[in-house]
Amino acid sequence: MKLKSQINNAIKDAFDKAGIDHEPMSVSEATKPEFGDYQFNGAMALAKKLGKNPREIANDIIDHLELGKVVTKAEVAGPGFINLWLNPLWIASQCETAHSDERLGVGKHENPIKVVVDYSGPNMAKQMHVGHLRSTIIGDTLANLLTFLGDEVIRQNHIGDWGTQFGMLIAYLEETGTDGSVCLRDLEQFYKDAKKRFDEDENFANKAREYVVKIQSGDIHCLNLWQKFIDISLGHCEDVYSKLCVKLTRDDVKAESFYNEDLPQVIEDLVKQDLLKESDGAQCVFLEGEEIPVIVQKGDGGYLYATTDLAALRYRANVLGAKRISYVVDARQAGHFKQVFKVAKESGFVPKDVRLEHVAFGTMMDKSGRPFKTRDGGTVKLIDLLDEAVVKAKEAIKERENYSSKEIEEIAHIVGIGAVKYADLSINRESNYIFDWDKMLSFEGNTSLYMQYAYARIQSIFRRFDGKIKGDILIGDMLEHRLAVMLLRFEDVLRRAAEDAAPNQITTYLYELVTLFMRFYEQNPILKEGVDEATKMSRLQLADLTAKTIKQGLELLGIQVVDRL
RNA sequence: GCACUCAUAGCUCAGCUGGAUAGAGCAUCGGUUUGCGGUACCGAAGGUCACAGGUUCGAAUCCUGUUGGGUGUACCA
């Protein structure tokens, strides 16, 4: 449920009744439990406009505030804060509603839109490396989240399948004469070998360049080889996606080469708009206030990154009909996107009302704060990192229970991958992120393990209980009250996280929820002797709703839970 | 050089449209237990929010400048 807007409605109502002709600002969560559940700080802001003192205004609002159903108590504090307490009976009934609902009471957008989320985008010439991790999981989370909230999400995996390097690879494929599937098993090595030949042998390099031309001119033999290469390489990516529990499939692939045919048209249309200028032999768009132009066609006639992106943008806006297009790409490309978005809007390729956003993220660093590399300075393959995560997870959990060997494989996978993803998603995406195995695989603090542990602990309550839950939710003490309010905040949190494309808002919420639940559970026994039936039933429901919220929250992040841990 | 971005506790990070005494976790120190899963919970200590101005009733948050780090800077993607 949209908790905040319910309270805002009450305030708005009081404004109207008090004759205050202003749109009230939104309430916010109370900063401390002593200050109630929510607070309204708008009285101070209005003081100057209305020429009254803020406490007077606050009192005026309170006098006209309808107390009872939703808000049960309101107090003016300090210079003019209004502290609001929610009605425990109402909270309880709302939790019951959420508990009986598959979606936990989370509504869908009233006006759903089509959203394109562009993420992952691996290069087909190489294996996926750690540099692809953040884009892949942040993008997947955003896609999951918007889908859950009712938007029509179109995932787009803009794979790099075109360019000079493919000429090199195909030339090497020809030269070695080996069957593609064998020699491509280790794509990374194959690329390195080909690159070495390219750098060392002039004849080979020329041949590689010839192949580029051949592919581009549609030579059947070369295209077949190229296609085979892409298929195998994409297969590698799919292994990673499946291991990562990311929902990208082949249907979501819309490769760079898909836009090839449209590129001349892009140039032509820019000419029609009178946006193009030649500069040093290249075709450029000069934007106002920008130091450097956007080059859309090279001196030799070739097209660039920007050209393809323009083609992709207009395809997404006009053919797919997206109203929001989100690029989940490294922050270093901020300049590029700023310019390309500008050109897209100015040229009319993308209508003005379409929201174009660069969902930027920082670089992954090692524990000492340097860019994440292998010992010898190479890039870390993503698949190796994920395998290591599973091995480490096994180490972390093996002492806990008597797992069968099959169980431990499954659980270690869920725990290990979850740890890697959660650690990444739980920090503000824009800052650089320090990758630390020990921290992410800890049961303590804001980690996936702590969440999964809390979830498993609640499941164990239900294994012991083994009955049927009935009766009402009763809010008895302060911690129950706070837990219930926290549970009801779920939708507000998801909506804001979706709006800001900020997964860490979800993890922060989950961590607060779990912490609160642990405290509640410590203090409020459920199955112990002496707990009366009605209280037990009520607390079981709160526990169950908590578990379901954890599960749903983690699911949006692409992280699974286990019943035993 | 110019542009963008960041700077919060020893470390890793929260901090939403400006709001009350700036919050967590780790690490440190102390406490809770015949334990519904103690890898839990409670508490203590720890901050000039880089620095200096400004706007405001009110600034970690907005503006300007300074310092320090990162990134980008026309025919790669």
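Values below: all heavy atoms of this structure, side chains included; hydrogens, waters and symmetry mates excluded. Fair warning: this is a prediction, and the values are worked out from it, not measured in the lab. Lettering of chains follows the sequences in order, A, B, ..., and the numbering in each one begins at 1.
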At under 4.0 Å between heavy atoms, what does [X] touch on the DNA or RNA strands: base, sugar-phosphate, or nothing?
X	answer
A/Asn428	sugar-phosphate
A/Gln505	nothing
A/Asp563	base
A/Ser442	nothing
A/Tyr509	nothing
A/Thr508	sugar-phosphate
A/Ile526	base
A/Leu449	nothing
A/Tyr521	base
A/Ala77	base

Just name whichever nucleotide pairs with [N], Watson-Crick or G-U, keeping both distances under 3.5 Å, else none.
N	result
B/rA27	none
B/rG1	B/rU73
B/rU48	none
B/rA7	B/rU67
B/rA40	B/rU32

Query raised in the report: In Å, rounded to the nearest 0.5 Å, how long is the span from CG of A/Leu169 to NZ of A/Lys195?
Result: 11.0 Å
Report summary line: The reported gap from CG in A/Leu145 to CD in A/Glu499 (rounded to nearest 0.5 angstrom) is 11.0 Å
Check this one for me: any side-chain N or O of [X] less than 4.0 Å away from OP1 or OP2 of [N]?
X	N	result
A/Arg564	B/rG37	no
A/Arg457	B/rU39	no
A/Tyr450	B/rC41	yes

As a test of reading the structure: which of [options] is closest to the side chain of [X], going by heavy atoms?
X	options	answer
A/Arg463	B/rU39, B/rG37, B/rC36	B/rG37
A/Arg332	B/rG72, B/rG15, B/rU12	B/rG72
A/Met518	B/rC13, B/rA40, B/rU21	B/rA40
A/Ile292	B/rU39, B/rA24, B/rU73	B/rU73

With a 4.0 Å cut-off, would you call [X] and [Y] a salt bridge?
X	Y	result
A/Asp500	A/Arg496	yes
A/Arg495	A/Glu491	yes
A/Asp262	A/Arg314	yes
A/Asp118	A/Arg316	yes

Nearest whole Å is fine: how far is [N] [atom2] from [X] [atom1]?
X	N	atom1	atom2	answer
A/His336	B/rC76	NE2	C1'	12 Å
A/Leu304	B/rC76	CG	C1'	8 Å
A/Asn524	B/rC42	CG	P	13 Å
A/Asp330	B/rU5	CG	C1'	13 Å
A/Gln541	B/rC36	CD	P	22 Å
A/Ile506	B/rC13	CD1	P	20 Å
A/Ile434	B/rA14	CD1	P	11 Å
A/Lys126	B/rC76	NZ	C1'	10 Å

Query raised in the report: After noting the C-alpha distance and the side-chain angles of A/Asn260 and A/Tyr303, does the key distance pass the side-chain hydrogen bond (donor to acceptor under 3.5 Å, both in side chains) rule?
Result: CA-CA 9 Å; A/Asn260 283 349; A/Tyr303 304 106; over 6 Å; no
Query raised in the report: Do any of residues 489-497 of chain A sit with a heavy atom less than 4.0 Å from RNA chain B, and if so which?
Result: A/Arg496
What integer number of Å spans the [atom1] atoms of [N] and [M]?
N	M	atom1	answer
B/rC49	B/rA59	C1'	11 Å
B/rU5	B/rA9	P	22 Å
B/rA24	B/rG15	C1'	10 Å
B/rU55	B/rU12	C1'	34 Å
B/rG23	B/rC16	P	14 Å
B/rG72	B/rG10	C1'	33 Å
B/rC51	B/rG68	C1'	11 Å
B/rU28	B/rU64	P	44 Å

**Report entry** Face-to-face stacking of A/Phe35 with B/rA20, centres under 5.5 angstrom, angle under 30°
**Finding:** yes
Report task. Name the residue closer to the 5' end of RNA chain B, choosing between A/Asp300 and A/Gly335 according to the nucleotide with the nearest heavy atom. Result -> A/Gly335
**Report entry** Nearest-nucleotide 5' precedence on RNA chain B, A/Glu291 against A/Ala456
**Finding:** A/Glu291
Query raised in the report: Counting distance only, does the side-chain N/O of A/Glu23 pair as donor-acceptor with the main-chain N or O of A/Lys12 below 3.5 Å?
Result: no
Query - Polar side-chain atom of A/Ser442 near backbone of A/Asp438 as donor-acceptor pair, under 3.5 Å - result: no
Query raised in the report: Can you list every ring pair (Phe, Tyr, Trp, His ring centres under 6.0 Å) pair that touches residues 30-60 of chain A, not counting sequence neighbours?
Result: A/Phe15-A/Phe40
Query raised in the report: Do the side chain of A/Asn83 and the base of B/rA20 come within less than 3.5 angstrom through a donor-acceptor pair of N or O atoms?
Result: yes
Query raised in the report: Without hydrogens or angle criteria, can the side chains of A/Tyr422 and A/Asn446 be said to hold a donor-acceptor pair below 3.5 Å?
Result: yes
Query raised in the report: Should the pair A/Phe337 and A/Tyr305 be assigned to parallel (<30°), tilted (30 to 60°) or perpendicular (>60°) ring geometry?
Result: perpendicular
Report task. For side-chain contact (heavy atoms from CB on, under 4.5 Å), just list the numbers for A/Phe490 and A/Val106, CA-CA rounded to whole Å, side-chain angles, deciding distance to a tenth of an Å, and then say yes or no. Result -> CA-CA 7 Å; A/Phe490 193 43; A/Val106 177; 3.6 Å; yes
**Report entry** From A/Phe258, A/Tyr259, A/Tyr315, A/Tyr119, residue fulfilling ring pair (Phe, Tyr, Trp, His ring centres under 6.0 Å) relative to A/His158
**Finding:** A/Tyr259
Considering only nitrogen or oxygen atoms on both sides, find all protein atoms under 3.5 Å from nucleotides 17-19 of chain B and state each distance.
from: B/rG19; atom 1: O6; to: A/Ala45; atom 2: N; distance (Å): 3.3

